[in-house]
Amino acid sequence: MPNIIEINDFYAPELNVYARLTEAQLMRKDKPEEGIFIAESPKVIERALESGYEPVSLLVEKRHLDGEAKDIVAKMGDIPVYTAEFEIISRITGFNLTRGALCAMRRKAYPSLEEVLTGARRVAILEDVMNPTNVGAIFRSAAALNMDAVLLSPGCANPLYRRAIRVSMGNVFLIPWTYFGEEYTGAKYKVCDNPLWPDEGMKLLKEFGFKTAAMALSDDSVSVDDENLLAEDKIAVILGTEGDGLRDTTISGCDYTVKIPMANGVDSLNVAAASAVAFWMLGNR
């Protein structure tokens, strides 16, 4: 039988993980395997469960216990299933809760780059993409358009931020991903033991047989439909931060600099939109 616990007070301590802890507090950047993330909606929670993530607790709007969230509730076993009326739930989310369910789940340790790259032919690399909405949208496009993995520099928003998960429609659970490493300086944490980006990371990509394609506007950029680019067996598509784009050192270290031809005087696309175009061209080859 589900372990259902009714909550009548917004300030109940059981709701802290959903209502009062920040993303940074949940994430435990120094020890990601000890952190927690929040998955929203039964479909997304189902994808996380299928990917091996362990639930800590479930929060369900009361009217959805026997409705939208019924199947998820049945899978919780002894895990606490907190339930509350809409008035309490809406104070947590700020809007009508998507399909009536939030689930707190344990994070996993980041896999090695070698694990993620083995067997992959098309990968996306995100360099300092800080907006969780863009990270989530890129993951959704990557999963839909045949990319095999996503690799992130330490400056990127975490794919398991609640908004990134929501925007990705749970596709962060369907495509392998990990971070490049980050040196500990006393002010920063070591994200994981993977090679540092870009220098060591670039070397590893080349060892695995990848050609690197920087999405950037420059005098020597080739079009995204360039025949030589499309003919490459393994491609790593590298996308930069929303404002400044890729670092000069990253661009200079790549095999290709790639642009998407524009019309009507438009000079560039949002990074998430650009990723979809690039993935569509390269992910189906």
Side-chain angles (χ1 to χ4, degrees), residues 2-7 9-62 64-65 68-73 75-110 130-140 143 150 152 156-175 177 179:
N3 180 17
I4 297 175
I5 303 167
E6 186 166 353
I7 303 293
D9 181 6
F10 173 75
Y11 295 101
E14 294 90 343
L15 299 186
N16 285 345
V17 69
Y18 299 103
R20 284 172 285 279
L21 296 184
T22 66
E23 293 280 15
Q25 290 171 319
L26 291 173
M27 185 171 69
R28 290 293 307 272
K29 188 177 180 183
D30 56 332
K31 295 181 179 180
E33 67 278 7
E34 296 180 10
I36 289 173
F37 67 91
I38 306 297
E40 184 174 327
S41 87
K43 181 178 180 179
V44 171
I45 295 167
E46 181 73 33
R47 285 184 171 177
L49 291 172
E50 290 174 351
S51 298
Y53 286 93
E54 177 188 352
V56 175
S57 67
L58 183 69
L59 175 62
V60 181
E61 188 180 340
K62 185 176 289 187
H64 287 299
L65 281 173
E68 297 277 2
K70 181 179 179 180
D71 291 342
I72 291 297
V73 170
K75 294 180 179 181
M76 289 296 107
D78 294 330
I79 299 298
V81 177
Y82 302 119
T83 184
E85 298 289 357
F86 170 76
E87 291 74 16
I88 293 175
I89 298 288
S90 63
R91 291 184 66 184
I92 294 173
T93 62
F95 51 86
N96 191 5
L97 182 61
T98 304
R99 303 299 183 191
L102 292 173
C103 190
M105 311 189 85
R106 298 193 189 282
R107 290 173 176 262
K108 299 178 183 180
Y110 297 124
M130 296 171 281
N131 186 316
T133 298
N134 283 334
V135 170
I138 291 169
F139 266 85
R140 187 174 183 180
V150 178
L152 304 98
C156 288
N158 194 278
L160 296 184
Y161 281 170
R162 187 186 301 189
R163 184 163 183 80
I165 296 171
R166 183 191 311 139
V167 172
S168 81
M169 297 295 291
N171 285 298
V172 294
F173 305 120
L174 299 184
I175 187 166
W177 61 273
Y179 275 95

Q: Return yes when atom CG of Asp9 has more than 12 non-hydrogen atoms of other residues, nucleotides or ligands closer than 6.0 Å, and no otherwise.
A: yes
Q) How would you list, by chain and number, every residue that makes a side-chain hydrogen bond (donor to acceptor under 3.5 Å, both in side chains) with Tyr161, sequence neighbours excluded? A) none
Q. What residues, two or more places apart in sequence or in another chain, satisfy salt bridge (charged side-chain N to carboxylate O under 4.0 Å, His left out) together with Arg163?
A. none
Q. So do Asn158 and Arg107 actually touch side chain to side chain, heavy atoms under 4.5 Å?
A. yes
Q.
Test of understanding: with salt bridge (charged side-chain N to carboxylate O under 4.0 Å, His left out), list the residues that count as partners of Glu34, not counting sequence neighbours.
A. Arg28
Q: State whether the number of non-hydrogen atoms from other residues, nucleotides or ligands found under 6.0 Å of Lys108 atom NZ is greater than 12.
A: yes
Q) Is Leu49 close to Met76 at the side-chain level, that is, under 4.5 Å between some pair of heavy atoms? A) yes
Q.
If you compare all heavy atoms of Leu58 against all heavy atoms of Ala101, which two are closest, and at what distance to 0.1 Å?
A. CD1-CB, 4.4 Å
**Q.** Side-chain heavy atoms of Val81 within contact of Asn3, under 4.5 Å
**A.** no
Q. When rounded to the nearest 0.5 angstrom, what is the spacing between OG1 in Thr133 and CD1 in Ile138?
A. 11.0 Å
Q. Checking Trp177 side chain against Val172 main chain: does a donor-acceptor pair fall under 3.5 Å?
A. yes
Q: Of all the heavy-atom pairs spanning Ala69 and Val60, show the shortest one and how long it is.
A: CB-CG1, 3.8 Å
Q | Between Tyr18 and Phe10, ring centroids under 6.0 Å | A | no
Q. Ser51 side chain to Phe173 main-chain N or O, any donor-acceptor pair under 3.5 Å?
A. yes
Q) Can you name the residues that form a salt bridge (charged side-chain N to carboxylate O under 4.0 Å, His left out) with Glu50, not counting sequence neighbours? A) none
**Q.** Approximate separation, where rounding is to 0.5 Å, of Leu65 CG and Glu6 CD
**A.** 9.0 Å
Q. Any side-chain heavy-atom pair from Val56 and Ile79 closer than 4.5 angstrom?
A. no
Q | Asn171 side-chain N/O to Ser168 backbone N/O, donor-acceptor pair under 3.5 Å | A | yes
Q | For Ala48 against Met105, the heavy-atom pair lying closest together | A | CB-SD, 3.5 Å
**Q.** Results of ring-ring contact (aromatic ring centres under 6.0 Å, His included) for Tyr82 - residues two or more places apart only
**A.** none
**Q.** Any Val44 side-chain heavy atom under 4.5 Å of Glu40 side chain
**A.** no
Q. Glu61 versus Thr83: any side-chain heavy-atom pair under 4.5 Å?
A. no
Q. Roughly how far, to the nearest 0.5 Å, is the CD1 atom of Ile5 from the CG atom of Leu59?
A. 11.5 Å
Q. Below 4.5 Å, heavy atoms only, C-beta onward: do Ile7 and Glu14 meet side chain to side chain?
A. yes
Q: Report the distance from atom CG of Leu15 to atom CG of Leu21, rounding to the nearest 0.5 Å.
A: 11.0 Å
Q | Exercise: identify the closest heavy-atom pair between Arg106 and Tyr53 | A | O-CD2, 3.3 Å
Q | Partners passing salt bridge (charged side-chain N to carboxylate O under 4.0 Å, His left out) against Glu23 (at least two apart in sequence or in another chain) | A | none
Q) Could you give the distance from CE (Met169) to OG (Ser41), rounded to the nearest 0.5 Å? A) 6.5 Å
Q) Is NZ or CZ of Lys62 both nearer than 6.0 Å to the six-membered ring centre of Phe86 and within 45° of the ring axis? A) no
Q | Closest approach of Ile36 to Ala104 (non-hydrogen atoms, all atoms of both residues) | A | CG2-CB, 4.0 Å
Q: Write down the atom of Ala157, the atom of Val135, and the distance for their closest heavy-atom approach.
A: O-CG2, 3.9 Å
Q: Calculate, to the nearest 0.5 Å, the distance between atoms CG and CZ belonging to Leu174 and Phe139 respectively.
A: 10.5 Å
Q: Look at Lys75 together with Glu46 and state whether they make a salt bridge at an N to O cut-off of under 4.0 Å.
A: yes
